Amino acid sequence: MTRRAEQESVDVPVRRAAAEAHPNIALVKYWGKRDRTRNLPAVPSLSVTLGALWTRTRIGLEPGLEADRATLNGEAVSPPQLARVRSTLDCMRALTDCRWHAQIESHNNFPTAAGLASSASGFAALVVAAAHAFGLELEAERLSELARRGSGSAARSIFGGFVEMACGVRSDGADAVARPLLAPSDWPLEVVVATTDTAPKTVTSTDGMEHSATTSVFYDAWVARADADLLAAREALAARDFDSLAAVSEASCLKMHAVALAARPGLLYWNGATVDAVRRIRQLREQGVPVFFSVDAGPQVKAVCLPGYGERVAMELGAIPGVGDTLVSGLGDGARPLPWEPFP
Ligand code: DP6
């Protein structure tokens, strides 16, 4: 922190703040909502937070602003994303006397909206920065609840390491929050992110879930089995049982995509390189490399492996035609405030 920034953070009443959050990869997937208005998940989920990728967000509350404004990597955010930002901030304004609107600037160090969980780190960073700017002292659980209003997976990015998200039963959503299970150092797995396409996905997670819930014949079976998958993943974590975690994670991923594929019309998030990377990961495992795959609502492939195997897996995946960048990440910490620096 510069001397000036340090001085200001002490002397100036907090009306501006900054925060950083990391995206997460769900091993047990969230796919489907029990309430769209409050954004309540229909199933529980379990994720790992990725240390190497981040969103950094600065927020300034200004009395003269007529509406919240937001940019991401220097560009105005899309109208649907801005609407979510505004409604998340409305929930926070309702907790304070401050009615000021916000000027928000976010930066991602990874492709946005291409199935790399940019909304997860984005909304987690937003609520942490905004809570600070509004002068709200909130427990992590409440921050998780607010982040969930913006994007379900963002509730998990409030925490680091291995994180569980409850679907809850309450209609107000107060129990649909995440909680940390293991710190990054408790089981320092590595995650390789293999990018196969950097274009934004054509069907967002929100729309894909809605379409799956209303048209996929597999949707009810998916919801019915979710608790059992969560339990299996929790047990695998507690025992540090990599093979069991691999089995339940790949099953959850493939089931989620099966639900989407069985929608009418079917949703196909994968491309050819996605399939090749998934096959290669299975081959590697047969050859004794401790690695499993996960794919979200986009074509990128994430390979989760035991410590020390990330570079080898990244090299193998990088050699597949159609795979672009590969990146090896350790597990990351939860969202945290950053020292204020003026917008560049
Ligand atoms: C496939 O959290 O992006 O990545 O709540 O509608 O914003 P909304 O959905 P979002 O969905 C994430 C879906 C997923 C699986 C997961 O992260 O659990």
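Everything quoted here is computed from the prediction, not taken from an experiment. Order of appearance sets the numbers: ligands from 1, and atoms from 1 within every ligand. Atom set for the values below is all heavy atoms of this structure, side chains included, hydrogens, waters and symmetry mates excluded.
- Note on Glu145 versus Arg149: no salt bridge recorded, every NZ/NE/NH1/NH2 to OD/OE distance being 4.0 Å or above.
- Ligand 1 has a nitrogen or oxygen under 3.5 angstrom from a nitrogen or oxygen of Lys33.
- Counting atoms of ligand 1 from 1 in the listed order, those under 4.0 Å from a heavy atom of Ala297 are 1 (C).
- The aromatic rings of Tyr269 and His257 stand perpendicular to each other, their planes meeting at an angle above 60°, with 30° marking the opposite boundary.
- Salt-bridge check for Arg69 with Glu105: failed, with every basic side-chain N at 4.0 Å or more from each acidic carboxylate O.
- Residue Gly152 approaches ligand 1 through these ligand atoms, each under 4.0 Å from one of its heavy atoms: 2 (O), 5 (O), 7 (O), 8 (P).
- Across every non-hydrogen atom of Gly32 and Tyr219, the tightest pair is CA-OH, 3.3 Å.
- Near Ser119, the atoms of ligand 1 lying under 4.0 angstrom from a non-hydrogen atom of the residue are 3 (O).
- Which parts of ligand 1 touch Met256 is read off a 4.0 Å heavy-atom cut-off, strictly below it: atoms 1 (C).
- Of all the atoms in ligand 1, the ones that sit under 4.0 Å from a non-hydrogen atom of Asn39 are 5 (O).
- With Thr71 contributing its side chain and Gly74 its backbone, the two residues share no donor-acceptor pair below 3.5 Å.
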Name each donor-acceptor pair under 3.5 Å that joins a side chain in residues 45-52 to protein atoms two or more places apart or in another chain, with its distance.
{"residue": "Ser45", "atom": "OG", "partner": "Arg156", "partner atom": "NH1", "Å": "2.8"}
{"residue": "Ser47", "atom": "OG", "partner": "Arg156", "partner atom": "NE", "Å": "3.2"}
{"residue": "Thr49", "atom": "OG1", "partner": "Phe159", "partner atom": "O", "Å": "2.8"}

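- Contact annotation for Arg36 and ligand 1: no heavy atom of the residue comes within less than 4.0 Å of the ligand.
- The contact set between ligand 1 and Met209, taken as ligand atoms under 4.0 Å from a residue heavy atom, comprises 9 (O), 11 (O), 13 (C).
- Applying the side-chain contact (heavy atoms from CB on, under 4.5 Å) criterion to His211, with sequence neighbours excluded, gives Thr215, Ala263, Pro265, Leu267.
- In this structure, Arg93 pairs ionically with Asp90, as a charged nitrogen and a carboxylate oxygen lie closer than 4.0 Å.
- Of all the atoms in ligand 1, the ones that sit under 4.0 Å from a non-hydrogen atom of Thr206 are 6 (O), 7 (O), 8 (P).
- At a heavy-atom distance under 4.0 Å, only side-chain atoms of Arg84, from C-beta outward, approach ligand 1.
- In this structure, of Gly122, Ser153, Ser294, the residue bringing a heavy atom nearest to atom 2 (O) of ligand 1 is Ser153.
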